[in-house]
Amino acid sequence: MIKNGQTQQFDKAAFKAAVEKHLTTTYAYTTESATPHAWYLAMARALAEISTGNLLATEQKLAKEKARSVNYLSLEFLIGRLTGNNLISLGLYENVASAMEELGQNLTDLLEEERDPALGNGGLGRLAACFMDSLAAQEYPAVGYGLHYEYGLFRQSFEQGRQVETPDGWRGVEGYPWEVVRPELTQTVSLYGYVESYLDEDGNNYRRWVPGMTVDGIAWDLPIVGYDNNSVYPLRLWECRSPAPFNLARFNDGDYVGAQYPALEAGNVTKVLYPNDNHDQGKALRLMQQYFHCACSIADILRRHHAAGNEIEDLAKLETIQLNDTHPTIAIPELMRVLIDEYKMGWEAAWAICSQTFAYTNHTLLPEALETWSEALIQQMLPRHMEIIFEINHRFLKEVEAAWPGNNDVKRKLSIIQEGPQRMVRMANLCVVSTYAVNGVAALHSELVKRDLFPEFNELYPGRLTNVTNGVTPRRWIKYCNPGLSELISEKVGSDWPVHLEKIAGLAEFADDEAFQQRFMAVKKQNKQRLADWVKTNMDIDLDTNAIFDIQIKRLHEYKRQHLNLLHILALYHRLLNDPTFDMHPRVFFFGAKAAPGYALAKDIIFAINKVAEKVNNDPRLGGKLKVVFVPDYRVSLAEILFPAADVSEQISTAGKEASGTGNMKFAMNGALTIGTMDGANVEMREEVGDDNIFIFGLLVDEVQKLKQEGYDPYRYYNADSMLRAAMDLLDSDEFTPGQPGLLSAIRQNLLEGGDPYLVLADFADYVKTHEKIDAAYRDQKTWAHKAILNTALMSKFSSDRSIRDYANNIWNLKPVKC
Ligand code: RUG
């Protein structure tokens, strides 16, 4: 009916008719009885018709052209709401707004009806979503493969300041209007059982897996709509179902509940996303999710390959598979198994294909996040895969022996199998051995991967370890979420900056133009008002938009140091009440963060911030200078309001711990100034904006390592700094929990007796001093505007379009195909 704005005219009457048709035939409402939610569903369905048509056309065209594609395998795709974003990509925002207006509906309100598909935890899943957007925008052939979780990341609320988690049924009862089920793509996945040898008709000896059970993988496609072009790529999410809905014999015997066990057990596999960020939990069901995801995806890649008329020998030529962290690593032995057991290839031929097909992205150096799986568990669930892993390791250790003859220490260190009372499989080692490229996600991180994590691998496989600095999509993170700024940018540099972000540099010449500064700051003020209104409506807190809006939004983790931010707030509180000479520009500290349900200290930090907020927001002695707002249920749609409203962006992880960060980029693109450590992508952001336009503080990576080696003593800092002491001691008092001292002591305890593993105390003084510089800088609004404009202007490096071009040119060897 309608294709992209570029190629075909929008037929408003036909679109309105499609919406009304869905309202009545799909959702059973009349135009009179329809709720706003029903209108949103009907509108989204009408739009999805357009994108599904384009998705099929793109699939056909790419198959016909035998185009080389990337398959992005990720257990998480934190896509956020699709409707608004897809309207922008289709170039139909205004047209649809007007059509809906004629149907008596306001588009902005309808967009608020969409639930966030929260199919990811944080940065890793959101990166996957930005990458899909950039692949489609630049027409690099791609398929995203993920899981169709019934429940995404939990919803967070606060009860008396404490985090409470509830299930997130993101599809609602009506289903998600943008997805389409593809029954013809169903795959069968085997689990458990044993391996046996057998002779074929010609007397050849083979191994084969005799599975203990099978489940079905059902494909759901979400459309990834290319911006201003005709390409639509699938984000293919697998749902696990039982091949038999119930056991008929048990059903006939009257055991109605027991008869359903097969279906219930299979349904559990994709029931819920594991809510851990940067932490490996090692649960059997998680391994099953990983294998289910990989088995379906590998089978689908092979299906597409053959459907396009290609030979298996050409797999590595036409397909590359990017592993988003180690979570889909089991895809490697799965492809080996299929090639050897099903295609009857020899080991060398299969290995030649496999090792030229996979590439791996490492996203963390944190030991607790580096995945290992118990050999016994893999042996039980995936016996043939364990055999294959042993064989890969056996051959690999021969290489190690050749490179370091007789050196058992290096063998022990590099081996895919970690020895010990319980032998474990190191998934990262399996990845490095079996892939043609391994990348870190920011320059510093990639250097540390080479220097500290995998130095011997770097020696053994020169050139395999490399860097691709992360990026974020400017379509969602500027154009969609910040329409005021987008208009200003278009006026100055032209309207194609969303796909040519390098053009945004043209703003720099207006950084000193007073009229432009005022307009830029007026947009910021409007965005702050939008956030203040949200806070008033949802939290009943009054905010003054003349205050500095200082925002830290990311997962709650000790290494991200939300508690350093809290200590600074406590120090300000203490000074405002006790030091008559102290003055500060009014400031609102915003937090948004979910803590993994089992992470006690992270939950204590949330509780402490909420308790402090309760007190300071209602303390007349502070004269409105200090406010603290912890927004509940931080998610993509809230991020879209928070990033554009920030004056100050908090990026304060311990140096060496945050692999990249991507929120840092979104803030700066929207004109916030960063206070940050020399960590992750902050380092490269500083290179881009220059030292004068970013507030860097804290220990450097090598200083952190040195201090730890020398024996770090947090008490040294506590005893020497009266302001730090005052802030810490407030946590032990009942200042924020009247009549109940000690409720917030766990944080103080962790920092002092627990050894302060993330050096919060060591960085405190410099952090406070740097915040004082921010306070002074903000008072000079012209200089601030100058710096803010330069932050927006100098962020083009951090477009995910650039990241994807780096992958395409340096790793994937991929060319765009116009559709
Ligand atoms: O913690 C990292 C972030 O620094 C990074 O920006 C993001 C995307 O590369 O990935 C995050 N991450 C790493 N999330 N989970 C992990 C480890 O599995």
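As the structure is a computational prediction, the values presented were derived from the model and not from experiment. Each ligand, and each atom within it, is numbered from 1 in the order the structure gives.
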>> What I want to know is whether N470 and ligand 1 share at least one N or O pair that is separated by under 3.5 angstrom.
In response: yes
> Can you check salt bridge (Lys or Arg N to Asp or Glu O under 4.0 Å) on D801 and R475, steps first, answer last?
Replying inline: CA-CA 10 Å; D801 294 354; R475 271 81 59 187; 2.7 Å; yes
> When F131 is tested against each of Y807, Y140, W812 for ring-ring contact (aromatic ring centres under 6.0 Å, His included), which residue passes?
Replying inline: Y807
> Taking the six-membered ring for Trp, are Y72 and F77 parallel (under 30°), tilted (30 to 60°) or perpendicular (over 60°)?
Replying inline: perpendicular
> Of R561, K560, Q651, H557, which is the lone residue that meets side-chain hydrogen bond (donor to acceptor under 3.5 Å, both in side chains) with E658?
Replying inline: K560
> Closest approach of A428 and Y360, non-hydrogen atoms and distance?
Replying inline: CB-OH, 3.8 Å
> Nearest to atom 3 (C) of ligand 1, what protein heavy atom do you find, and at what distance?
Replying inline: E658 OE1, 3.3 Å
> With a cut-off of 4.0 Å, which atoms of ligand 1 are near a heavy atom of A659?
Replying inline: 4 (O)
> Between T364 and ligand 1, is there a nitrogen or oxygen pair with a distance under 3.5 Å?
Replying inline: no
> Near D325, which atoms of ligand 1 are under 4.0 Å from a heavy atom of that residue?
Replying inline: 16 (C), 17 (C), 18 (O)
>> Show me which atoms of ligand 1 lie under 4.0 Å from any heavy atom of D277.
In response: 14 (N)
> How does F131 reach ligand 1, by side chain, by backbone, by both or by neither, if only non-hydrogen atoms under 4.0 Å count?
Replying inline: neither
>> Just to be sure I read this right, does ligand 1 sit under 4.0 Å from the backbone of V441, its side chain, both, or neither, counting only heavy atoms?
In response: side chain
>> Under a 4.0 angstrom heavy-atom cut-off, which atoms of ligand 1 come close to Y559?
In response: 1 (O)
> Which of these, G123, G661, S803, has its nearest heavy atom closest to atom 5 (C) of ligand 1?
Replying inline: G661
> What is the distance from atom OH of Y149 to atom CG of D168, rounded to the nearest 0.5 Å?
Replying inline: 13.0 Å
> Among all protein non-hydrogen atoms, which one is nearest to atom 14 (N) of ligand 1, and what is the separation to 0.1 Å?
Replying inline: L124 CB, 3.5 Å
> Angle class for the F457/F454 ring planes (parallel below 30°, perpendicular above 60°, tilted otherwise)?
Replying inline: perpendicular
> For H327, is the nearest heavy atom under 4.0 Å from an atom of ligand 1?
Replying inline: yes
> With under 30° as parallel and over 60° as perpendicular, where do the rings of H385 and Y291 fit, or are they tilted in between?
Replying inline: perpendicular
>> For E703 and K706: C-alpha separation, side-chain torsions, deciding distance, then whether salt bridge (Lys or Arg N to Asp or Glu O under 4.0 Å) applies.
In response: CA-CA 5 Å; E703 292 169 341; K706 188 158 168 271; over 6 Å; no
>> Counting non-hydrogen protein atoms only, what is the nearest one to atom 1 (O) of ligand 1? Give residue, atom name and distance.
In response: N278 ND2, 2.8 Å
>> Which residue and atom name correspond to the protein heavy atom nearest atom 9 (O) of ligand 1, and how close is it?
In response: H363 ND1, 2.6 Å
